[in-house]
A.B. asks: 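Shown below is the structure under consideration.
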Amino acid sequence: EFHQLFAVVFVDPSGRLNLCADVTASTYNQVQYEAELSMALLDSKADDGFQLLLMTPKPMIQAFDHVVHLHPLSRLQASCHQLKLWPELQDNGGDYVSAALGPLTNILVQGLGCRLHLLAHSRPPVPEWSINQDPPKHKDAGTLTLGFLFRPEGLTSVIDLGPEADKPEAADFRQFWGTHSELRRFQDGAIREAVVWEAESLFEKRLIPHQVVTHLLALHADIPDTCIQYVGGFLDALIQNPKEISSTGEEALALAVRCYDDLSRLLWGLEGLPLTVSAVQGAHPVLRYTEVFPPAPVRPAYSFYNRLQELASLLPRPDKPCPAYVEPMTVVCHLEGSGQWPQDAEAVQRVRAAFQLRLAEVLTQEHRLQCCATATHTDVLKDGFVFRIRVAYQREPQILKEVRSPEGMVSLRDTPASLRLERDTKLLPLLTSALHGLQQQYPAYSGVARLAKRWVRAQLLGEGFTDESLDLLAASLFLHPEPFTPPSVPQVGFLRFLYLVSTFDWKNNPLIVNLNGELTAEEQVGIRSSFLAARTQLPVMVIITPQDRRSSVWTQDGPSAQILQQLVSLAAEALPILEKQLMDPRGPGDIRTVFRPPFDMYDVLIHLTPRHIPRHRQAVDPPVASFCRGLLAEPGPSSLMPVLGYDPPQLYLAQLREAFEDLALFFYDQHGGEVIGVLWKPSSFQPQPFKASSIKGRMVVSQGGELVMLPNIEAILEDFAVLGEGLVQAVEARSERWTV
């Protein structure tokens, strides 16, 4: 009898009172789900299990992939009439929100089907009121919020299959889906009822639940779109390719990876080479699906008519914008070892250079590919994408480690050159392969990593963090998601990224990213112990992987303590702002707010001319008008090798840092930023003893009868403009922030 009337039954000792009379099935499923996660966390014997289980907040916007706000609640009165919930209304004393909640969630659970793992709901508690006043009205109770946790394997399905047309269940299927249901013949010959959703790109497919929810609520509950605020893909627009490129970010990445696979197979089967290729490995963010704005197929010219016009269009002219930014994708080509290899480091480099030249000849003559060979790499243009092939010999790092004593004894010692070569030819390809596999397991990883890097670079801090370090931060959210489950959409993953950055104790703990589960619990304990013992020799930000268990190779060159602290502070400020925006039932407003950098902290702002910013359209606030940059909508053959890696703002930054690195720090957003931020180093304003060798950027003044040097600010600002002539639009000195 209880089960006929209630979704959840928990009877008291008298046998007459259901203590869970007001508990919906969704709430009970959520309790079971949380208990299951908690047991798994306790069973894992994690060192920080108590902290994760009982001290880590789980706001709905971080715990669920998509969130829906229903407002105003008075609309649920019409839902009760539509669903004929008269007994439920009487049982709840006229509370139409409570009466409609169970039936509404049941409809959505049925409609979302295999896409849905868990549905939860949240509504503000009923406030207290004086017994001398009327109780608060249900319509004033705020907003009903629904949270959806999805299954990654079913989220992007564009079709909901129904029963065969001659089955009795077909009528129920048609009644449930209304006009969206239609008869379809499938490849196996079956004729079935089905619902097909309009979605082409992966971005659109992740938002199919939005179509499902709005359709079912309008059909069954008389709730129009105007009463539904669906929070699902607002942040995805920040990592979509500019408008002139037809493919979205995910499609461009997949296209580039397919082209790489073709090139890899081609290199494996090459004949006519003096040495055999033993392995081909990718070593670029595109090939692990984490490039913020993936490369589009390129054409090097603006004219299509003939080669003469193409060559003429490449000639520099004052009125012509800079060409498209084309970054080659690095591919490491390992050669087989044999006794023919020399044992001298310089001789090995010469053999590699000869192989690079021969490789370009073979690819050009036998496969008609555009190639450009140098002593260190070979650039290959294939199907509109440019790949930079670097030849590697497995023993070369060991040869570079050999140090000969005056007595002729040979010992092995790490050198900067050997460490750099080992990182680029061994560790980086292994990391790229592992993260490529992670993307295949968790389709949302790509979007999370790209959003994270877009935000860090938008804060002008991208120079302080390597691509690999940020990719590993994003990977940790999937490999170690406790107390959550791995995110299924980029939005949730980005919120958790901000929380991780702002709360992790970087000083006292290493971030262990256990790729492929290769590290055992005992090994992780040992890593933490050795970390504490060697803390003073390690970088401020330590990220450990199975292939790099001690040195944190991806953070050796940065960030500095000041840059890391700035990132932590910005993440701590951005997270509550973004959560508040996404949980606002009236809509999130301007979602780009947290991506805009705080310029008020800089001493000098250098404004750049948009015409010479090749990635101008990648800016947080895209320009209304820009310039043709020589991009193709579809891949195809090209007659000329495009200009590679030409980014005037980055070249200008390199000059600034070389000339003024002892006086100032320079910050820039490489994705279309129009402003370079300059911070004076505090030590640069201290009087320095006069030395003719260090007079650059300083002037000599007399203090206390002694000649000392101080920064010549006016001359330095003038140098900023002179170095960037044609690129710099204005130099804004914010003198209220500093004095000499």
Side-chain angles (χ1 to χ4, degrees), residues 238-249 252-253 256 284-286 291-303 310-330 372 379 381 384-388 450 453-454 456-458 460 462-463 467 595 597 606-633 635 638 640-657 666-677 723-730:
L238 288 154
I239 52 173
Q240 297 303 315
N241 273 329
K243 295 179 181 178
E244 71 270 17
I245 303 174
S246 61
S247 60
T248 64
L253 283 168
H284 191 272
V286 169
E291 182 69 19
V292 179
F293 294 100
V298 298
R299 61 175 172 86
Y302 294 94
S303 174
E310 288 181 348
L311 291 170
S313 70
L314 292 174
L315 296 176
R317 297 195 304 269
D319 61 335
K320 181 179 175 182
C322 63
Y325 178 77
V326 180
E327 182 179 353
M329 292 175 274
T330 304
C372 179
D379 291 328
L381 178 62
F385 295 100
V386 181
F387 296 90
R388 176 159 291 176
R450 292 164 60 213
K453 289 198 278 194
R454 184 68 195 95
V456 171
R457 292 168 182 173
L460 313 189
E463 295 289 338
D467 266 297
F595 282 80
I606 304 175
H607 299 269
L608 307 180
T609 303
R611 290 180 64 85
H612 300 297
I613 303 174
R615 293 183 268 187
H616 192 216
R617 291 199 175 187
Q618 297 177 3
V620 172
D621 295 297
V624 177
S626 189
F627 308 95
C628 175
R629 303 292 185 184
L631 298 173
L632 279 180
S638 299
L640 296 173
M641 180 71 72
V643 177
L644 299 178
Y646 180 65
D647 192 347
Q650 293 290 349
L651 298 174
Y652 176 52
L653 273 172
Q655 290 183 325
L656 289 176
R657 290 180 175 129
F666 300 90
F667 302 87
Y668 178 66
D669 176 12
Q670 66 194 61
H671 295 298
E674 295 185 16
V675 178
I676 295 175
L723 280 174
E725 183 179 358
L727 173 64
V728 173
Q729 201 170 56

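Quick note: numbers below take in every heavy atom, side chains included, and nothing from hydrogens, waters or symmetry partners.
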A.B. asks: So which atom in I613 and which in P649 form the shortest heavy-atom distance, rounded to 0.1 Å?
C.D. replies: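 Heavy atoms of I613 and P649 come nearest at CG1-CG, 4.2 Å.
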
A.B. asks: Residues two or more places apart in sequence or in another chain: which of them pass salt bridge (charged side-chain N to carboxylate O under 4.0 Å, His left out) with D647?
C.D. replies: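 Here the qualifying residues are R615.
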
A.B. asks: Going by heavy atoms in the side chains, are V728 and T609 under 4.5 Å from each other?
C.D. replies: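 They are not in side-chain contact.
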
A.B. asks: Does P614 reach the side chain of Y646, with side-chain heavy atoms less than 4.5 Å apart?
C.D. replies: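 With C-beta onward as the side chain, the pair stays apart.
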
A.B. asks: Is there side-chain contact between P295 and M329, with heavy atoms separated by less than 4.5 Å?
C.D. replies: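 With C-beta onward as the side chain, the pair touches.
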
A.B. asks: Using modelled atom types and a 3.5 Å cut-off, is there a donor and acceptor pairing between side-chain atoms of R450 and backbone atoms of V292?
C.D. replies: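 The answer is yes, because a donor-acceptor pair under 3.5 Å joins these two groups.
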
A.B. asks: Would you say the side-chain atoms of R657 pair up with the backbone N or O of F666, donor to acceptor, closer than 3.5 Å?
C.D. replies: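 Yes; judged by distance alone, with no hydrogens or angles, the pair exists.
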
A.B. asks: Within the structure provided, determine whether L608 and I676 are in side-chain contact (heavy-atom separation under 4.5 Å).
C.D. replies: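 Side-chain contact under 4.5 Å: yes.
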
A.B. asks: How far apart are the closest heavy atoms of P294 and L253, and which atoms are they?
C.D. replies: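 In terms of heavy atoms, the two residues are closest at CG-CG, 3.3 Å.
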
A.B. asks: Taking the side chain as every heavy atom from C-beta outward, state whether R611 and H616 have any atom pair closer than 4.5 Å.
C.D. replies: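 No, every pair of side-chain atoms sits at 4.5 Å or beyond.
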
A.B. asks: Are any side-chain N or O atoms of Y668 and backbone N or O atoms of G673, one a donor and one an acceptor, separated by less than 3.5 Å?
C.D. replies: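 Side chain of Y668 to backbone of G673, a donor-acceptor pair under 3.5 Å: yes, one is there.
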
A.B. asks: Can you tell me how far apart NE2 (H671) and CD1 (I239) are? Round to the nearest 0.5 Å.
C.D. replies: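 Nearest 0.5 Å value for the NE2-CD1 distance: 11.0 Å.
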
A.B. asks: With rounding to the nearest 0.5 Å, note down the distance linking CD in E327 to CG in L644.
C.D. replies: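 E327 CD to L644 CG: 10.0 Å, rounded to 0.5 Å.
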
A.B. asks: When you compare the side chains of E291 and H284, does any donor N or O come within less than 3.5 Å of an acceptor on the partner?
C.D. replies: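 E291 vs H284: no donor-acceptor pair found between side chains.
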
A.B. asks: Does the side chain of D379 come within less than 4.5 Å of M641's, by heavy atoms?
C.D. replies: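 They are in side-chain contact.
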
A.B. asks: Could you tell me if the side chain of P642 sits less than 4.5 Å from the side chain of L381, heavy atoms only?
C.D. replies: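 Sidechains of P642 and L381: in contact.
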
A.B. asks: First locate atom CG of L723, then atom CG of L651, and finally report the distance between them rounded to the nearest 0.5 Å.
C.D. replies: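 If we round to the nearest 0.5 Å, L723:CG and L651:CG are 12.5 Å apart.
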
A.B. asks: Just verifying a value: how many Å separate I606 CD1 and E674 CD, rounded to the nearest 0.5 Å?
C.D. replies: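 So the gap between those two atoms works out to 14.0 Å.
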
A.B. asks: Is R457 salt-bridged to D669, going by a charged N under 4.0 Å from an acidic O?
C.D. replies: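 Looking at D669 together with R457, the answer is no, because their closest N to O distance does not fall below 4.0 Å.
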
A.B. asks: Side chains of V620 and R454: does their closest heavy-atom pair fall under 4.5 Å?
C.D. replies: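 Side-chain contact under 4.5 Å: yes.
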
A.B. asks: Can you tell me how far the CD atom of Q670 sits from the OH atom of Y325, to the nearest 0.5 Å?
C.D. replies: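 Rounded to the nearest 0.5 Å, the CD-OH separation comes to 7.5 Å.
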
A.B. asks: Would you kindly say whether H607 and Q729 are connected by a side-chain donor-acceptor distance under 3.5 Å?
C.D. replies: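 Result is no, nothing qualifies.
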
